[in-house]
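Only one structure is covered here, and it is reproduced in the block below.
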Amino acid sequence: MTKGTQDLEMLRHSTTHIMADAVMQLFPNVKLGIGPAIENGFYYDFDMEHVLKPEDLPKIEAKMKEIIKKNLKFEKREMDRKEAIQFFKEKGQTYKVELLKKLDDANVTIYQHGDFVDLCKGPHVNFSKKIKAFKLLSIAGAYWLGSEKNKMLQRIYGTAFPTKEELEKYLNNLEEAHKRDHRRLGKELDLFSIHEECGAGFVYWHPKGAMLRSIIEEFLKKENLKRGYEFVAIPHIAKIDLFQTSGHTGYYKENMYFMEIDKQDYVIKPMNCPGHITIFKRKLISYRDLPIRYFEFGTVYRYEKSGVLHGLLRVRGFTQDDAHIFCRPDQLMDEIHKVIEFVDFVMKKFGYEYKVILALRPEKFVGSPESWDHAEEILEEVLKKNKIDYEPEPGGGVFYGPKIDIKLKDALGRLWQGPTIQVDFNLPERFDLTYTGEDGKKHRPVMIHRAILGSLERFIGGLIEHYGGNFPLWLAPTQVAILPLADRHNEYANNVAEELQKQDFRVTIDTRSEKIGNKIRNAEVEKIPYMLIIGDKEMEAKKVSVRKHGKGDLGQKSVKEITASFVKEL
RNA sequence: GCCGAUGUAGCUCAGCUGGUAGAGCAACUCAUUCGUAAUGAGUAGGUCACCGGUUCGACUCCGGUCAUCGGCUCCA
């Protein structure tokens, strides 16, 4: 940690103490939860009768300013832990008592400013006047100690900076981030919608969004083919038996949709693996056939709690670029290596930075601990061999195997779960998958689940924010807008459009009887990468005027010249 | 699922303490044929999320449901 971030943390931590002080002064019977500094600010959790409303925030801010003005000293005190328990008990701060009881230390520190005392490691700023720029941002509910089983407390989020200018800048950035929100851009650019009357968490792709999706699908199909994957396709509904065999009805039940057909139990697939396995099992497999790599854009449906749905990033029906690799144990490492290379290739294509996480055995798991250890070792070895930086995450694996998760960083630095590579020793066992070895005996293959994008919905949601809706030429649903100045230019404009379409460019032509300024504005708002403006001068010169989105006029060019430059840009 | 907020025209939003609704943009029609981010005029568009209650009368008050938003928990 650098000196700067340490100072910032100290400032924010001190600000949250002031906020807690203000809340306690304004409302009766406030019990304090915890109040740490976080990445972009701070929060404090409160348990109190008064239900916080947005209107309360300015009042709390005003009280905070009053407190700060007094320029109170932050004083540190050491206390015997038992003494501290007694101290907070007397104050009725039961949450602090609970925290103290969990600590092992003989001594604890408490910080005080004015009449406000809090259990706290510190450090803090020395005087309250050091706090110069802060803002309370939002109110939220949060479970005590982050557990669903505990009481829900009221949390106030805020942020603080050393100077007013830095605070302003942060708030502006927040606003900019809001403008890039894929839900907002999805509406503005007419890409997709989700409808109350059709069901929460189910996405309707409009022509432009579906085009974007299809471009990504085509790209991925080609790249999967190049790498020896074969396409398969499976039904969305299956008898429950299939998922009983796989174990999903046991471990994944709360996320599955069940239905009845002809008095028999069926499910809507929450995962594609059992389907791909069924195809693998259709015949005897020789060791010479392996590895077998089955790929599909597989749509799955999973029940997600109503409160967690979020635009395209968390939905109830989504399509994974899913593949299952069946291989011999001796091929495992090489296959994982190839998948990692594939991931790297695709992420570079989209300009994503990413972070690699090695997710290890969770509490709920199937299979033996030994097979888990073995799989975890192999993943770790591949990462080390390829000198890939990764973060281990104990307990982060799915129930059927450890995985390498790749989190994508968008332009705002937020991380999204994207590609995932999972080793599975369990399903081959459950489905009794075998291949015939060189020795003529049956052997057990190993399975790898992998998705490069993860889910198309989530990936595209992230992509919209990553580019802020300004898609590169190869992804833009509409690449070129042709804008004739007046009706007499329409014929020539149509010819240009046809010529571009013949070369597979996605073109729109605006023949409305509007002024050119209006047409340009329209195309700019739609974030179409190129505009071709056609008037008398262009017709005469047999050229078009090129205008680039966000950049402006590039001057006259012939159609040949622009298609050549487009091809280069792709 | 939990805590809180919100739900008015395709979109963005007005509508004080109860008397069934407006604006801008978009759409449509007409005029205009224009040189690099909004031409003008007109027309049409709403069971005020849904269900129930209170009331002579509900967009407005009360209850429930659904959905969205900010979080928590959980996850691709």
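Sequence lines set the chain letters: A, B, ... in the order given, protein chains first and strands last, and positions in each chain run from 1.
Using a 4.0 Å cut-off between charged nitrogen and carboxylate oxygen, A:Glu175 and A:Lys179 do not count as a salt-bridge pair. Under 4.0 Å is where a charged nitrogen must lie from a carboxylate oxygen, and between A:Glu335 and A:Lys338 at least one such pair does.
Residues satisfying the salt bridge (Lys or Arg N to Asp or Glu O under 4.0 Å) criterion with A:Glu218, sequence neighbours excluded, are A:Lys221. Taking the ring pair (Phe, Tyr, Trp, His ring centres under 6.0 Å) definition, one finds that A:Tyr204 meets it with A:His195, sequence neighbours left out. Residues passing the side chain to side chain contact (heavy atoms under 4.5 Å, CB included) test with A:Ala476, sequence neighbours excluded: A:Phe471, A:Gln479, A:Pro529. Shown here are the side chain to side chain contact (heavy atoms under 4.5 Å, CB included) partners of A:Val308, two or more places apart in sequence or in another chain: A:Glu304, A:Lys305, A:Arg314. Taking the side chain to side chain contact (heavy atoms under 4.5 Å, CB included) definition, one finds that A:Pro207 meets it with nothing, sequence neighbours left out.
Here CG of A:Leu52 is found 7.5 Å from CG of A:Leu57. Values are rounded to the nearest 0.5 Å.
Surrounding CD of A:Glu491 are at most 12 heavy atoms belonging to other residues, nucleotides or ligands under 6.0 Å away. Residue A:Glu540 qualifies as open at atom CD: its count of foreign heavy atoms under 6.0 Å is 12 or below.
When the nucleotides B:C74, B:G1, B:U36 are ranked by their closest atom to the side chain of A:Glu304, B:C74 comes out on top. Closest to the A:Tyr157 side chain, of the nucleotides B:C34, B:U73, B:C72, is B:C72. The A:Lys53 side chain lies nearest to B:A5 when the options are B:A5, B:G1, B:U39.
Geometrically, A:Arg450 engages A:Tyr229 in a cation-pi contact, judged by NZ or CZ lying under 6.0 Å from the ring centre and within 45° of the ring axis. Judged by the 6.0 Å distance and 45° axis criteria, A:Arg155 is not positioned over the aromatic ring of A:Tyr44. Taking the centre and axis of the six-membered ring of A:Phe42, the NZ or CZ atom of A:Arg12 falls outside the cone set by 45° and 6.0 Å.
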Polar-atom pairs under 3.5 Å, protein N or O versus N or O of nucleotides 10-12 of chain B: list them with distances, or write none.
from, atom 1, to, atom 2, distance (Å)
B:U12, OP1, A:Lys187, NZ, 3.1

Sort me out a list of protein N/O and nucleotides 65-68 of chain B N/O pairs below 3.5 Å, or just none if empty.
from, atom 1, to, atom 2, distance (Å)
B:C66, O2, A:Glu196, OE2, 2.9

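Counting non-hydrogen atoms under 4.0 angstrom, A:Val51 reaches the backbone sugars and phosphates but no base. When heavy atoms are screened at a 4.0 angstrom cut-off, A:Gly517 is found touching the sugar-phosphate backbone but no base atom. Residue contacts shown for A:Glu197 are absent, as no nucleic acid heavy atom lies under 4.0 Å away. Contact annotation for A:Arg458: base contact, defined as any heavy-atom pair under 4.0 Å involving a base atom. Residue A:Asn255 is classed as having no contact, given no heavy-atom separation below 4.0 Å to the nucleic acid. Among the protein residues, A:His310 comes within range of the sugar-phosphate backbone only, with heavy atoms under 4.0 Å from sugar or phosphate atoms but none that close to a base.
B:C13 and B:U43 have their C1' atoms separated by 23 Å, with the value rounded to a whole Å. Between B:G45 and B:A9, the distance separating the two P atoms is 15 Å to the nearest Å. For the P atoms, the distance linking B:G24 with B:G40 amounts to 12 Å, nearest Å. Across the P atoms, B:G57 and B:G70 are found 40 Å apart, a figure rounded to whole Å. With both ends at atom C1', the span from B:G19 to B:A23 equals 23 Å, rounded to whole Å. Comparing the P positions of B:G63 and B:G4 gives an interatomic distance of 13 Å, to the nearest angstrom. Comparing the C1' positions of B:A14 and B:U8 gives a spacing of 10 Å, expressed to the nearest Å. The P atoms of B:A27 and B:G10 are separated by 15 Å, rounded to the nearest whole Å.
At whole-Å resolution of the value, OH in A:Tyr303 and C1' in B:G1 are 7 Å apart. Rounding to whole angstrom units, OH of residue A:Tyr44 and C1' of B:G71 are separated by 19 Å. Rounded to an integer number of Å, the gap from CZ of A:Arg314 to P of B:G70 is 14 Å. Separating the CD1 atom of A:Ile520 from the P atom of B:C34 is a distance of 15 Å, rounded to the nearest angstrom. In this structure, A:Tyr301 atom OH and B:C75 atom C1' are separated by 18 Å, rounded to whole Å. Nucleotide B:G71 holds its C1' atom 15 Å from the CG atom of A:Asn40, rounded to whole Å. Atom pair A:Arg512:CZ and B:U39:C1' shows a separation of 12 Å (rounding to whole Å applied). When rounded to the nearest whole Å, the span between CD1 of A:Ile139 and C1' of B:C72 equals 15 Å.
The minimum heavy-atom distance linking A:Gly462 with A:Leu313 is given by the pair N-CD2, 3.8 Å. Contact between A:Pro54 and A:Ile139 at its shortest, heavy atoms only, is N-CD1, 3.7 Å.
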Donor-acceptor contacts, no H, no angles, side chain residues 268-275 of chain A, under 3.5 Å, sequence neighbours left out:
from, atom 1, to, atom 2, distance (Å)
A:Lys269, NZ, A:Asn272, OD1, 2.8
A:Lys269, NZ, A:Thr299, O, 3.0
A:Asn272, ND2, A:Gln320, OE1, 3.3
A:Asn272, ND2, A:Asp322, OD2, 2.9

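Judged by distance alone with a 3.5 Å cut-off, no donor-acceptor contact links the side chain of A:Arg302 to the base of B:C74. Under 3.5 Å, the side chain of A:Gln154 and the base of B:G71 form no donor-acceptor pair of N or O atoms.
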Would you sketch RNA chain B in dot-bracket for me? Only Watson-Crick or G-U wobble pairs with both distances under 3.5 Å count, crossing pairs as [ ], other-strand pairs as |, the rest as dots. (((((((..((((.....[..)))).(((((.......))))).....(((((..]....))))))))))))....
Yes or no on salt bridge (charged side-chain N to carboxylate O under 4.0 Å, His left out) for A:Lys53 and A:Asp56, after CA distance, side-chain angles and deciding distance? CA-CA 5 Å; A:Lys53 295 197 184 72; A:Asp56 291 328; 5.8 Å; no
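You'll find the ring centres of A:Tyr251 and A:Phe243 outside the 6.0 Å limit.
Listed by first and then second residue, the ring-ring contact (aromatic ring centres under 6.0 Å, His included) pairs involving residues 523-556 of chain A are A:Tyr530-A:Phe566 (not counting sequence neighbours).
Across the interface with RNA chain B, nearest-nucleotide mapping of A:Ala486 and A:Arg521 shows A:Ala486 to be the residue nearer the 5′ end. Between A:Asn518 and A:Glu538, the residue anchored nearer the 5' end of RNA chain B, judged by the nucleotide with its closest heavy atom, is A:Glu538.
Remark: A:Ser545, A:Arg547, A:Asp553 in residues 539-556 of chain A come within less than 4.0 Å of RNA chain B through at least one heavy atom. Looking at residues 141-150 of chain A, you'll see A:Gly141, A:Ala142, A:Tyr143, A:Gly146, A:Glu148 sit with a heavy atom under 4.0 Å from some atom of RNA chain B.
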